[in-house]
Structures are given as structure tokens and as C-alpha cells.
Amino acid sequence: MRSTLKQKKRLVIKIGSSILTDAEGRLDPLVFQRLAAEAADLQAKGRKVILVSSGAIAAGMKRLGFATKPHLIPQKQAMAAAGQTALMHEYEKAFAVHGLNVAQILLTRDDLADRRRFLNARHAIAELLKWDVIPIINENDTVAFHEIRIGDNDNLSALVTNVAEADLLIILTDIDAVFDADPKLNKDAKRLSVIASIDKSLYKGASDTLRPGSTGGMRTKLEAAEKAADYGVTTVIANGRVAKAVERILDGEDLGTVILPKDGTDRLTAKKHWLAHTLRPVGTLLVDAGAKEALIAKGKSLLPSGVKSVEGDFSQGDPIDVKVEGEAAFARGLSSYSSKELGQIMGRKTGEIEKILGYKYFDEVIHRDDMVLLSDKPK
Ligand code: GLU
């Protein structure tokens with residue numbers, strides 16, 4: 001089961017405050033240096049790394065001289081604002097040693113629930129990864145309050161696997177793995193190496209965090225793994241204080257706990273399933289026979305030149321069907337452009353998109369990765 005980890009290419013690595021800070025709660029530059037060296041190594045070996053990092057509130061507490069996390073929400077928000085720059089400063093310094101740039105992305109629940117904003121984040125992350133920049137994501141604690149708060153970075157990291165189209169989530173924490181009982185209370189607690197599916201009883205062995213500046217505990221990590229499993233993503237929960245933990249796990253070493261997605265589905269199958277079965281198309285593109293042939297026989301993306309007309313009123317990112325006039329739909333996918341924009345660029349060459357609209361998101365009207373052929377709908 002662990003042997004499949006070797007093939008994972010796009011990793012979301014969640015780093016908790018508990019491993020970024022020293023015993024006094026200060027950001028520990030040595031930890032940043034070690035984690036940056038390990039991430040740089042993963043990138044050098046052809047993988048892409050996205051970090052979800054906590055530590056803003058912990059850093060803000062130190063900067064502003066608080067020994068414990070304040071209770072008032074405005075104070076926590078202020079603390080996160082003051083600490084976020086300190087956090088990024090450490091990452092910048094640590095990655096610069098390896099010639100790597102970092103980029104900060106702060107998200108709220110609203111950003112991920114809004115299709116347009118979700119896509120903006122996805123597209124920006126995809127570009128950063130192409131340029132080998134390390135995206136470093138945190139919750140935008142300063143503007144996020146109750147209703148729009150995700151609340152903990154474990155759950156945020158699971159959502160990020162979907163935004164970043166990652167195939168593995170690694171949660172680095174200060175304990176070794178998931179156990180069948182709370183190891184802090186029970187010395188006979190046994191480590192679970194692989195979990196095929198998360199059973200509610202596991203939550204009983206999950207302890208909550210006790211460290212100042214930290215949030216969550218094992219409970220939120222299990223919640224995150226459950227969410228990731230729904231996206232077809234495997235999760236690993238491991239001790240981030242262990243040297244080269246990620247690389248060793250990818251190489252098959254029996255460290256931490258691996259939580260598998262349901263029924264062995266992978267991210268692409270899960271996505272295609274979602275496209276084919278869950279989404280209701282809100283428009284249709286009529287294409288010419290040449291475009292149909294390119295999509296079906298050659299596995300190509302749909303370009304504007306093949307589109308003959310647009311039916312329906314839809315926005316960028318909406319699900320739409322593709323068909324030849326007089327036939328049944330043969331494909332479904334997420335549109336890179338709104339119906340209004342498509343009305344202007346259909347039938348034209350990709351090189352003309354920017355001239356016509358004044359901007360261009362993509363060459364493709366529907367990218368291959370965002371499309372499923374209805375003839376071979378995944379079960
Ligand atoms: N966003 C919070 C911070 O950076 C952390 C939340 C968490 O640790 O789960 O301090």
C-alpha cells in the first residue's frame with residue numbers, strides 16, 4: 001500500500017506551529033532551514049511542493065509580548081497580522097539559500113467556496129509551480145472570523161489539495177503517527193501504519209492540542225484526512241521533527257500513518273467521477289466534427305477554433321457539455337471562459353483571444369484535465 005507513495009508528484013505539506021517553534025514559542029530558524037532544505041531536495045527530484053504553514057499567531061504572540069494566546073478575536077486577528085510577516089521572513093531566508101522563491105497565499109473559507117475565487121487561486125498556484133516557486137499558504141486570520149473561518153490549518157490543507165490539484169497530503173506534526181488510543185494517556189497505544197478508511201472510533205484515540213499558539217490536535221488531522229480521501233488524495237500524518245521524514249516516507253519507509261482514499265481511487269478518477277456524475281451542466285458548446293475527433297481520438301483539449309456556437313448562460317469554471325449539432329453530448333468539462341466571452345472568441349484562433357477580449361486566461365476553452373468523455377464515464 002505504501003509503495004504507491006513513490007509515484008506522488010504534487011505534495012501539499014502542512015507544517016504545524018508545534019514544530020516551527022522552540023520550547024519558548026519562538027520561531028526556530030533551524031527548523032525552517034531544515035524543512036527548506038528537504039523541500040528543495042524534493043523539488044530537485046522532480047516533485048512540486050506546496051506548503052500550508054501555521055505559526056503566524058505563535059510568531060505574533062512573541063513579537064507583541066504575549067505569553068498565552070489571547071481570547072479576544074480582534075487580538076488574535078492582530079496577532080496573526082503581526083506574525084505572518086515574521087513567518088514569511090523565515091521562509092524567504094531559508095529557501096533563498098537553495099535559490100528558491102516563495103509566494104504567500106492567504107485564504108478564507110469564502111475564497112474556496114466561491115468558484116471564481118477558487119479558480120483564481122488554482123490558476124495562480126499552477127503558475128507558481130511551473131516557475132518552481134514554493135507557494136506558502138495560511139488562513140487569512142485577520143479577515144476571517146467565525147462564519148468564514150476554516151479554523152485550523154489541517155482542514156485548510158485538505159482543501160488546498162483540491163485547489164492545488166495535489167496527489168498527496170503530508171501533515172507534519174509533533175507526534176509520530178495515529179495510534180489506536182491516545183499515546184499520551186495509554187502506554188500500550190499502538191501505531192497504525194496504514195488506515196484504509198477512517199472509522200469514527202479512531203477519533204476516540206485522538207487527543208487535542210495543549211500547546212500555546214497551536215490549534216487542532218489529532219482530531220482535526222483525521223478530519224483533514226477524511227476530506228482529502230474524498231478528493232481521491234492519500235494523506236500521511238508524521239512527525240515533522242524527524243529528519244527527512246517526507247523523503248523517507250516517499251521511499252517506502254514505515255514511518256507515520258498513511259490514510260488511503262476510498263476504494264483506492266486516485267485524484268484524477270475522483271475528479272472525472274465528479275465531473276461526470278455530480279455536476280449538472282449549465283450550458284452546451286456545439287463543436288465541429290474535427291474538434292470531436294481531436295477530443296475523442298487524440299485526447300486533445302478543446303480550442304476556440306472548434307466551437308461553432310454557445311448555448312446557455314454560464315461563468316468561467318462552470319460545467320458544460322460538448323456536442324456536435326444533432327447528436328448527444330459526448331464530453332463534459334469545466335469552461336475556461338464565460339458564455340459571453342466564448343460568444344466572442346468561438347471559431348477564432350488561440351492567438352486571437354487576447355486581441356478580441358483584451359486578456360487571455362488560457363489557450364483552451366476546456367482543458368483536457370478538466371474534461372471527461374461521456375462514452376467512458378468513470379463508474
Ligand atoms: N492560521 C493559524 C496561524 O498561522 C494557525 C491555525 C492552525 O495552526 O491550525 O497561526
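Both counts, for ligands and for their atoms, begin at 1 and track the order of listing. Just so you know, these numbers come straight off a predicted model, no measurement behind them.
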Which of the numbered atoms in ligand 1 are below 4.0 angstrom from a heavy atom of A56? 3 (C), 4 (O), 10 (O)
Check ion pair K9-D167 (N to O, under 4.0 angstrom): no
Can we say R332 and D321 salt-bridge, meaning some charged N sits less than 4.0 Å from an Asp/Glu carboxylate O? yes
I want to know if ligand 1 touches D141 in the polar sense, i.e. an N/O pair below 3.5 angstrom. yes
Contact check: G55 vs ligand 1, nitrogen or oxygen atoms, below 3.5 angstrom: yes
Distance-only side-chain donor-acceptor flag, Q77 / D141, under 3.5 Å: no
Any Lys/Arg nitrogen of R241 or D174 sitting under 4.0 Å from an Asp/Glu carboxylate oxygen of the other? no
I want to know if ligand 1 touches S54 in the polar sense, i.e. an N/O pair below 3.5 angstrom. yes
With backbone taken as N, CA, C and O and side chain as the heavy atoms from C-beta onward, which portion of N138 lies under 4.0 Å from ligand 1: side chain, backbone, both, or neither? side chain
Parallel, tilted or perpendicular: which describes the rings of Y337 and Y361, with under 30° parallel and over 60° perpendicular? tilted
Within ligand 1, which atoms have a heavy atom of D152 less than 4.0 Å away? 9 (O)
